2 protein chains.
Amino acid sequence: MPREKKPQNPPVKDKKGSKTSKSLIKRLPVYLRILDNLIRRDVDIISSRVLSDETGFTAEQIRKDLATFGAFGTRGTGYNTSYLREKLLKITGLDKQIRIVVVGSGHLGKALTRYNILKNPYVEIAGIFDANPDELDNEILGIKVQPMEDLPLLIKEQGIKVSMITVPAEVAQEVVDLLVENGITAILNFAPTKLRAPANVHIHNADLTIELQSLIYYSLEREKE
Amino acid sequence: MPREKKPQNPPVKDKKGSKTSKSLIKRLPVYLRILDNLIRRDVDIISSRVLSDETGFTAEQIRKDLATFGAFGTRGTGYNTSYLREKLLKITGLDKQIRIVVVGSGHLGKALTRYNILKNPYVEIAGIFDANPDELDNEILGIKVQPMEDLPLLIKEQGIKVSMITVPAEVAQEVVDLLVENGITAILNFAPTKLRAPANVHIHNADLTIELQSLIYYSLEREKE
DNA sequence: CAGTGTGTGTTAAAATATTAACAAGTTTGT
DNA sequence: ACAAACTTGTTAATATTTTAACACACACTG
Ligand SMILES: NC(=O)c1ccc[n+]([C@@H]2O[C@H](COP(=O)([O-])OP(=O)(O)OC[C@H]3O[C@@H](n4cnc5c(N)ncnc54)[C@H](O)[C@@H]3O)[C@@H](O)[C@H]2O)c1
Ligand SMILES: NC(=O)c1ccc[n+]([C@@H]2O[C@H](COP(=O)([O-])OP(=O)(O)OC[C@H]3O[C@@H](n4cnc5c(N)ncnc54)[C@H](O)[C@@H]3O)[C@@H](O)[C@H]2O)c1
């Protein structure tokens with residue numbers, strides 16, 4: 001029994017000083033995903049309580065997170081799903097599709113490229129690159145793997161700022177250097193190695209090995225009990 | 001309509017072990033990896049300062065982390081790489097190879113299975129499973145994809161406690177239920193969905209979409225400057 | 001074998017993040 | 001129109017994590 005409700009239109013931009021913590025920013029895409037699901041199910045209004053059930057975060061935390069950026073809800077009622085989604089899209093920068101490049105068309109690079117083309121409407125794969133000539137024949141859902149030589153031009157021509165790198169750890173640093181040199185400012189790194197870059201370049205590490213190994217720690221702790 | 005007063009309890013609250021924080025545990029595999037590299041290069045002694053350079057964590061944090069579990073270093077000198085490695089292996093539980101199963105032999109499942117067989121000496125892939133009959137012909141580095149029907153027996157016979165799941169989000173919960181039912185206590189979930197499990201089961205989410213989307217937030221912040 | 005340099009381990013302080021409490025709006029029912 | 005029922009947004013309290021400081025132990029030197 002969803003009801004239609006539109007809150008007033010308050011100042012949309014950031015609140016005061018940007019006290020946006022890293023962990024908060026990582027929760028925003030989760031909210032966004034839940035909202036997408038809710039909207040698909042024609043739910044118009046959602047309370048922080050129910051949002052808590054869906055996300056696993058506490059209702060207090062959700063309210064606090066959202067309040068960081070403005071007053072998006074209606075007291076006594078909840079949040080309008082479409083309105084909140086729009087706001088979150090603006091905040092995260094996902095309101096316009098972002099073009100990214102993938103470097104390394106190995107197993108992981110292919111899986112990620114494929115996945116993002118099919119399932120992630122918020123990004124567009126502008127290109128995938130590899131140093132191995134044998135890879136250049138391959139095509140992933142219509143996108144041809146290109147040689148590294150073509151990377152600088154494409155990045156600069158299209159003004160691309162974001163890249164995923166799925167190359168062996170040994171060459172990851174040189175790939176980063178190349179990317180940074182050509183204007184990339186944000187890198188999602190899957191290689192299990194520490195990368196160096198200028199302070200204005202953001203590097204996030206998606207270290208799947210760490211995830212698995214730390215999980216094992218917990219699996220053993222549990223057994224003791 | 002009756003209403004509950006208390007909100008849902010938050011995901012996981014460690015009652016006793018507040019000593020070892022989640023973030024600390026995630027740093028341990030990083031230390032371990034660096035130590036492996038150092039030992040391979042015949043480095044015998046390492047200071048927290050140099051370890052800081054290699055890992056990106058501060059030297060203070062490294063010393064504090066290690067001191068949580070004991071006094072592994074020598075004052076005035078540093079840490080013996082082999083000795084520290086042994087200690088960390090014991091602490092993380094990686095001293096004996098852990099057998100795990102993979103559920104979902106799609107693109108990501110195949111990449112992960114392959115990677116762990118080739119590059120991760122700390123785990124052994126005991127089996128990979130899929131519900132799609134077409135997948136059953138496939139073989140990943142000698143490991144044949146098995147039907148879901150064979151999963152319970154293998155888990156129970158081999159006493160397997162850890163699993164990675166790489167199935168579509170829509171079926172992830174039912175897979176978790178099946179795994180838990182058969183004795184799995186730790187799950188690394190790659191599906192972008194919140195999973196429910198008994199409190200004694202550890203679920204880690206490796207949400208690659210979140211990583212990419214939160215990175216985009218930062219890439220845009222930078223541009224403003 | 002004292003003296004000095006070095007880097008750990010521990011304790012204290014600061015910074016962050018989470019949790020809780022509640023006042024302030026909003027809707028609904030009468 | 002008013003009160004009851006809700007739920008947000010904000011402020012305060014608590015917990016956790018990180019940073020800093022420094023005393024202490026060991027090694028090396030002359
Ligand atoms: N596959 C996984 O599940 C997994 C898990 C954890 C970590 N990783 C990490 O992700 C990265 C990729 O893994 P993968 O399994 O896809 O490896 P892969 O060997 O299948 O692919 C690596 C690709 O990088 C290309 N490459 C090599 N040098 C290059 C260079 N200088 N410039 C551009 N491309 C280059 C290779 O040609 C190859 O296609 C590795 O660092 C790996 O450690 C992968
Ligand atoms: N591939 C990526 O790069 C990527 C990135 C982010 C998230 N993910 C997530 O990881 C998961 C797997 O992604 P993928 O790209 O490998 O998908 P995929 O479609 O290639 O593979 C999914 C596999 O799961 C199997 N499966 C379906 N239902 C099953 C069931 N009930 N029991 C057992 N197996 C079942 C399918 O047969 C298929 O082989 C998805 O949830 C996806 O959202 C993937």
Side-chain angles (χ1 to χ4, degrees), chain A residues 1-11 14-28 30-31 43-53 55-81 83-84 87, chain B residues 1-28 30-31 43-53 55-81 83-84 87:
Chain A
M1 42 195 208
R3 220 180 321 259
E4 195 63 41
K5 159 67 183 139
K6 207 72 171 198
Q8 78 286 10
N9 206 345
D14 295 320
K15 275 187 119 181
K16 39 180 179 176
S18 48
K19 281 183 63 180
T20 49
S21 76
K22 210 168 174 178
S23 32
L24 193 175
I25 298 302
K26 285 209 175 181
R27 285 192 292 269
L28 297 182
V30 179
Y31 300 145
V43 179
D44 291 327
I45 299 290
I46 188 86
S47 71
S48 61
R49 176 73 55 88
V50 179
L51 219 36
S52 165
D53 276 347
T55 60
F57 308 131
T58 66
E60 294 79 6
Q61 183 159 64
I62 293 168
R63 289 204 300 277
K64 196 158 197 305
D65 283 354
L66 299 179
T68 306
F69 302 100
F72 303 142
T74 307
R75 296 185 179 196
T77 306
Y79 301 91
N80 177 292
T81 51
Y83 179 76
L84 181 56
K87 289 297 180 189
Chain B
M1 187 187 282
R3 187 165 305 276
E4 295 145 326
K5 282 206 102 176
K6 279 292 257 180
Q8 204 83 343
N9 64 326
V12 180
K13 191 135 190 179
D14 237 332
K15 34 196 163 180
K16 46 166 194 171
S18 50
K19 249 184 140 179
T20 50
S21 77
K22 211 169 171 177
S23 33
L24 193 174
I25 298 302
K26 283 207 177 182
R27 286 193 291 269
L28 298 182
V30 179
Y31 301 143
V43 178
D44 290 330
I45 301 287
I46 188 84
S47 71
S48 61
R49 177 68 55 88
V50 178
L51 219 36
S52 166
D53 276 348
T55 60
F57 308 131
T58 67
E60 294 79 7
Q61 183 160 62
I62 292 169
R63 290 204 300 277
K64 197 159 197 303
D65 281 353
L66 300 179
T68 306
F69 302 100
F72 302 142
T74 306
R75 296 186 178 195
T77 307
Y79 301 91
N80 178 294
T81 50
Y83 179 75
L84 181 56
K87 289 297 182 186

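Because only heavy atoms are used, hydrogens play no part in the values below, and waters and symmetry mates are left out as well, while side chains stay in. The structure presented is a predicted model; accordingly, all values stated were derived computationally and were not measured.
Between B:Leu24 atom CG and D:dT17 atom P there is a gap of 9 Å when expressed in whole angstrom units. Between B:Tyr83 atom OH and C:dT8 atom P there is a gap of 15 Å when expressed in whole angstrom units. In this entry the distance linking CG of B:Leu66 with P of C:dT10 reads 12 Å, nearest Å. In this structure, CG of A:Asn80 is placed 15 Å from C1' of C:dT27, rounded to the nearest angstrom. In this structure, CG of B:Asp65 is placed 8 Å from P of D:dT18, rounded to the nearest angstrom. Separating the NZ atom of A:Lys22 from the P atom of D:dT18 is a distance of 11 Å, rounded to the nearest angstrom. In this entry the distance linking CD of B:Gln61 with C1' of C:dA14 reads 14 Å, nearest Å. Distance CZ (A:Phe57) to C1' (C:dT19): 15 Å, rounded to an integer number of Å.
When atom types are taken as modelled, the side chain of B:Thr81 and the backbone of B:Asp44 share a donor-acceptor pair closer than 3.5 angstrom.
Judged as a side chain to side chain donor-acceptor pair (under 3.5 Å), and not counting sequence neighbours, the contacts of B:Ser48 are B:Arg63. Under the side chain to side chain donor-acceptor pair (under 3.5 Å) criterion, B:Lys26 pairs with A:Glu211, not counting sequence neighbours. Contacts of B:Ser52 classified as side chain to side chain donor-acceptor pair (under 3.5 Å), with partners at least two apart in sequence or in another chain: none. Qualifying side-chain contact (heavy atoms from CB on, under 4.5 Å) partners for B:Thr55, counting only residues two or more places apart in sequence or in other chains: B:Val30, B:Tyr31, B:Ile34, B:Phe57, B:Ile62.
Applying the 4.0 Å criterion to OP1 and OP2 of D:dT17, one finds that B:Arg27 has every side-chain N and O outside that range. Applying the 4.0 Å criterion to OP1 and OP2 of C:dT19, one finds that A:Thr58 has a side-chain N or O inside that range. Residue B:Ser48 places at least one side-chain N or O closer than 4.0 Å to OP1 or OP2 of C:dT8. Within the 4.0 Å cut-off from OP1 or OP2 of C:dG9, at least one side-chain nitrogen or oxygen of B:Tyr79 is found.
Comparing C:dT10, C:dT8, D:dT7 by their nearest atom to the side chain of B:Ala67 picks out C:dT10. Comparing C:dT18, D:dT8, C:dG7 against the side chain of B:Ser47 picks out C:dG7 as the nearest. The side chain of B:Ala71 has C:dG9 as its nearest neighbour among C:dG9, D:dT8, C:dT18.
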Under 4.0 Å protein heavy-atom contact, by nucleotide of nucleotides 20-30 of chain D - B base, S sugar-phosphate only:
BB--BBBS---
Going by atom type alone, with no hydrogens or angles, which donor-acceptor pairs under 3.5 Å involve a side-chain atom of residues 69-80 of chain B and a protein atom two or more places apart or on another chain?
residue, atom, partner, partner atom, Å
B:Asn80, OD1, B:Ser82, N, 3.0
B:Asn80, OD1, B:Tyr83, N, 2.9

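Nearest approach of B:Leu24 to B:Thr68, heavy atoms of both residues: CD1-OG1, 3.7 Å.
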